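Read through the structure below, which is laid out as C-alpha cells, and then see the notes.
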Protein chains: 2
Amino acid sequence: MVTIGDVARVAGVSRSTASYALSGKRTISPAVRQKVADAVAELGYTPNAGARALATSRTNVIALLGQFFEDEFAPAMLQYILGVTDRARELGFDTLLVSDSDGVSALRRISDSRMADGFVLLNVAENDERLAPLRSASQPAALVGLPGNSEGIDAFDLDFAAAGELMVERMHELGHRELILVSQPEHVVERGGAYVWRLANAAAARAATLGVTLHHYYAASSQPEIGKDLNAFLDAHPDATGLLLNNEAAAAALPNVLQARSLAVPADMSVIGRYSETFARTFSLPYSAIDSAPDLLGRRAVEHLVSRIDGTADADTHVVDLIAPIIDDRGSVAAPPSR
Amino acid sequence: MVTIGDVARVAGVSRSTASYALSGKRTISPAVRQKVADAVAELGYTPNAGARALATSRTNVIALLGQFFEDEFAPAMLQYILGVTDRARELGFDTLLVSDSDGVSALRRISDSRMADGFVLLNVAENDERLAPLRSASQPAALVGLPGNSEGIDAFDLDFAAAGELMVERMHELGHRELILVSQPEHVVERGGAYVWRLANAAAARAATLGVTLHHYYAASSQPEIGKDLNAFLDAHPDATGLLLNNEAAAAALPNVLQARSLAVPADMSVIGRYSETFARTFSLPYSAIDSAPDLLGRRAVEHLVSRIDGTADADTHVVDLIAPIIDDRGSVAAPPSR
DNA sequence: CTGAAAGCGCTTACAG
DNA sequence: CTGAAAGCGCTTACAG
C-alpha cells in the first residue's frame, strides 16, 4: 500500500511537507506543491482512513440508525436512507447503516469505538430509548422524528399537527361536514409513533372548532386486513364524504375498495393522503396528499448534523425543525355530492 | 476517552497484557484476566476502531455498494440492504452504505482508503463498470446479480433462466398454450439488467420446445404507463390465458386492470409473477410468484464475503451461486377456461 | 517556507 | 505467564 512516506520520498520532501501540501494547512511553495501533486498522481496515493481518524479524531463517517419494524411500511424507509447517504456524500461523509434491533447498544458500540462523528436517528419514538445513550455520547446527533423531549438534540420532522389541521380545513372549505380519518395501527402509537396522534389530535381539534364530524380509526398496515377495515369504516359512516389517510397501506388499498363500492373520486368521495411523492409515483396513487418529504428530512438532518460536527452550529441552541405540510394536488378533492 | 492504557493502569498490568487478556490471543492467568475484566467494566472501555484498524489492517466493516435508478423499483432494494446489514452484524461487521451515483470512483475511494474489509455489490449489470476496479482492489467482494464475466469474484443471484422455464412449464402442465410475458422496460436491459433477458430467453426457449406461444413485451416500470401497457397486451392477444410477470410494477397494477376487464384470476386468466415475499405481503399481491429472495441473497453474499475476508474460503475457486426458483403458491394458476 | 519528532490508541513479535 | 518496545500511517505543534 502506498503511504504518505512514499509520496514524500518520490517528491523529495519530508512527510510533514507532503501532508501539508495535501491539506493546504500551511503555505507551500508552488514548486514543492507541484512535486507532491505529481508524486500523488504517479503513485495513486489515498490517505489511510484509519490512520487519519486516529490522528485527527475525525472519521468523516456518520452513523445512520434505522429501526425497521415488521408492521410498518418498509418501502418508505429507503427514501429517508437515500436522502441521508446522498447528502452526507455531498458534504464529504460516508454513512454507516446500522439496523441492529437493539438500537441502544448499537449506539453505544458505535459511539464508544469512535466509528462515526455523529448520528442520524430514523423513526424516533415519543420516548425513544436511544435518546439516553445519545445524550451521553460524545458525538452530536440529529433526529428524524420528534420525541416528547428533544432537549439538547436537533430534531427534524414533518409538522404532523399542521398536517392534520390542513387536511380538515381543506375538506371543510369545500363543504364537507363528515370525514373519516384512517391512522396507522394502534400498536404503532403504543410503540411511541407520536406522528400518529399528533396528526389525529390536531385534526380532531380543528374539526371540532369548524363543526365538522370526524371519525377516527386505527387500521391495519397491510393487506388484506386494511381493505376490510376500509370497507367497515365506509359501511359504518355512509354519509361521510371525505377520507383522510395517515396510513400508506390504506392509500395503496383504497383504489380497489372504492372501485368495488362504485364510488368515484372526487365525485362521490374526496380523499387526502399523507405519503411521499415517490410513494405516490411508484404506486400510482391518484390522491392528493401531504408530502411526507423523507428525502428532504434526511438531507436536512445531515446538513445540521455536519454543522454540529464542524462546530459551526450554535452549541447552546438546538433546533426543532418541523416542515410545513404541503398538499400535492392530484385532483382527488372536490365539493361533496349534493343530496 | 478511556484507552487500553487506562485499563492496564487500573488493572495493574502492562498494556500488552491488557490487550492479550481481551483478545485471548495468549494464555493469561485467571487472576490477571479477572483484574482486566474488572477494569474494563469499571471504566467502560471500548477499543478505538481507528486505532485497531491501523494496527491490524482490519476494519470489521463491509461496504455495500448500491445503485439506485429512478426507473427501477426502489422499494425492493431495501430488502437486499437489510439482508446484508443484518447478516453482517451477526458476523461481527458493520456496513457502510454507499449510494454514490459514480460507483466506480466510490469503489476506488473506499478501497484505497481502506475503510472496509470487503465489498458487496448490488444490482450488478451484465458489463458492470465496477468490476474492473473491484478486481484490482485488495479487498474481496461478493456480487448480488450475475455479470457476463464473474471470473475471480463470487456472485449470488436468483436463477432467472430456471425461473423463466419454470413459469412456462407450470402453465403448460395445466394446459395453457398462449402466454404473455411482461418484462422490465427495455432500457433496463440496455443498461445491462441481464436478469431480464436471462428469464425471457429461457422462457422463450422452453415455450418453443413445448409448443407454447409466448408473446414477450417490455413494459413500463411505473404507473400509469404500466396499466396502459397491460391493457394493450391483453387487447392484442385475446386468446392468451396466462400472464408471466418479471416486472414488479406490472404485478402491482394488474389487479385493477383485470378487474376493469372483468377477468377473474385464475378462472379467466392465470398469473405467475416474480417478486419477493415481502413485496407480495406489503401490496397484497394475490398472485403465485417466484420469490426473488432479496434477503436470502444479501445474507449469502455477506456470508461468503466474510469467509473470504477471514481467509477460510478457497482462494482459487470462486462461486456462482444461483438459487433455484420456487413458486410461492397463492392460487393464481389453474387450467385455462374451456372455449 | 520546510523538516524532525511526537503522538493518536491499538496489536504483536521479541525477550525474559 | 508477563512486560517493554516497535510499528501501523497519519497530523501537527515545535524549531529553524
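What you see is a predicted model; the values in this text were computed from it and never measured. Proteins get letters first, then strands, A, B, ... in listed order; numbering begins at 1 in each.
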Please enumerate all residues that pass side chain to side chain donor-acceptor pair (under 3.5 Å) together with [X], with sequence neighbours excluded.
| X | result |
| --- | --- |
| S292(B) | none |
| N127(B) | none |
| S19(A) | none |

Salt-bridge present (D321(B), R300(B); N to O < 4.0 Å):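 Result for this pair is yes, salt bridge flagged.
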Electrostatic pair R87(B):E90(B) at N-O distance under 4.0 angstrom: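 A salt bridge links R87(B) with E90(B).
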Sequence-distant partners of H318(A), ring pair (Phe, Tyr, Trp, His ring centres under 6.0 Å), two or more places apart: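 H318(A) satisfies ring pair (Phe, Tyr, Trp, His ring centres under 6.0 Å) with no residue once adjacent residues are dropped.
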Residues forming a ring pair (Phe, Tyr, Trp, His ring centres under 6.0 Å) with Y80(A), sequence neighbours excluded: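 Counting only residues at least two positions away or on another chain, Y80(A) forms no ring pair (Phe, Tyr, Trp, His ring centres under 6.0 Å).
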Salt bridge (Lys or Arg N to Asp or Glu O under 4.0 Å) against D154(B), all qualifying residues, sequence neighbours excluded: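 Counting only residues at least two positions away or on another chain, D154(B) forms a salt bridge (Lys or Arg N to Asp or Glu O under 4.0 Å) with R308(B).
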Strand-adjacent residues in residues 44-57 of chain A, judged by heavy atoms under 4.0 Å from DNA chain C: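 DNA chain C contact set from residues 44-57 of chain A: L54(A), A55(A).
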Residues from residues 3-31 of chain A lying under 4.0 Å of DNA chain C - heavy atoms: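 Of all residues in residues 3-31 of chain A, the ones placing a heavy atom under 4.0 Å from DNA chain C are V13(A), S14(A), R15(A), S16(A), T17(A), R26(A), T27(A), I28(A), S29(A).
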Minimum heavy-atom distance Y45(B)-T3(B), with the two atoms named: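 Closest approach of Y45(B) to T3(B), heavy atoms only: CE1-C, 3.5 Å.
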Polar side-chain atom of D38(B) near backbone of K35(B) as donor-acceptor pair, under 3.5 Å: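 Judged by distance alone, no pair lies under 3.5 Å.
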Consecutive-pair stems (3 or more, Watson-Crick or G-U, under 3.5 Å) for DNA chain C: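 DNA chain C stems, ordered by first number: C:1-3 with D:14-16, C:5-12 with D:5-12, C:14-16 with D:1-3.
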First-last contacting nucleotides on DNA chain D - partner chain A, under 4.0 angstrom, heavy atom: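 Reading along DNA chain D, I get dG9(D) to dC14(D).
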Residues in side chain to side chain contact (heavy atoms under 4.5 Å, CB included) contact with S307(A), at least two apart in sequence or another chain: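 Testing S307(A) for side chain to side chain contact (heavy atoms under 4.5 Å, CB included), a comparison that skips the adjacent residues, returns H304(A), T312(A), A313(A).
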Set of side chain to side chain contact (heavy atoms under 4.5 Å, CB included) partners for D102(A), sequence neighbours left out: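 With sequence neighbours excluded, D102(A) shows a side chain to side chain contact (heavy atoms under 4.5 Å, CB included) to V104(A), S105(A), given in chain and number order.
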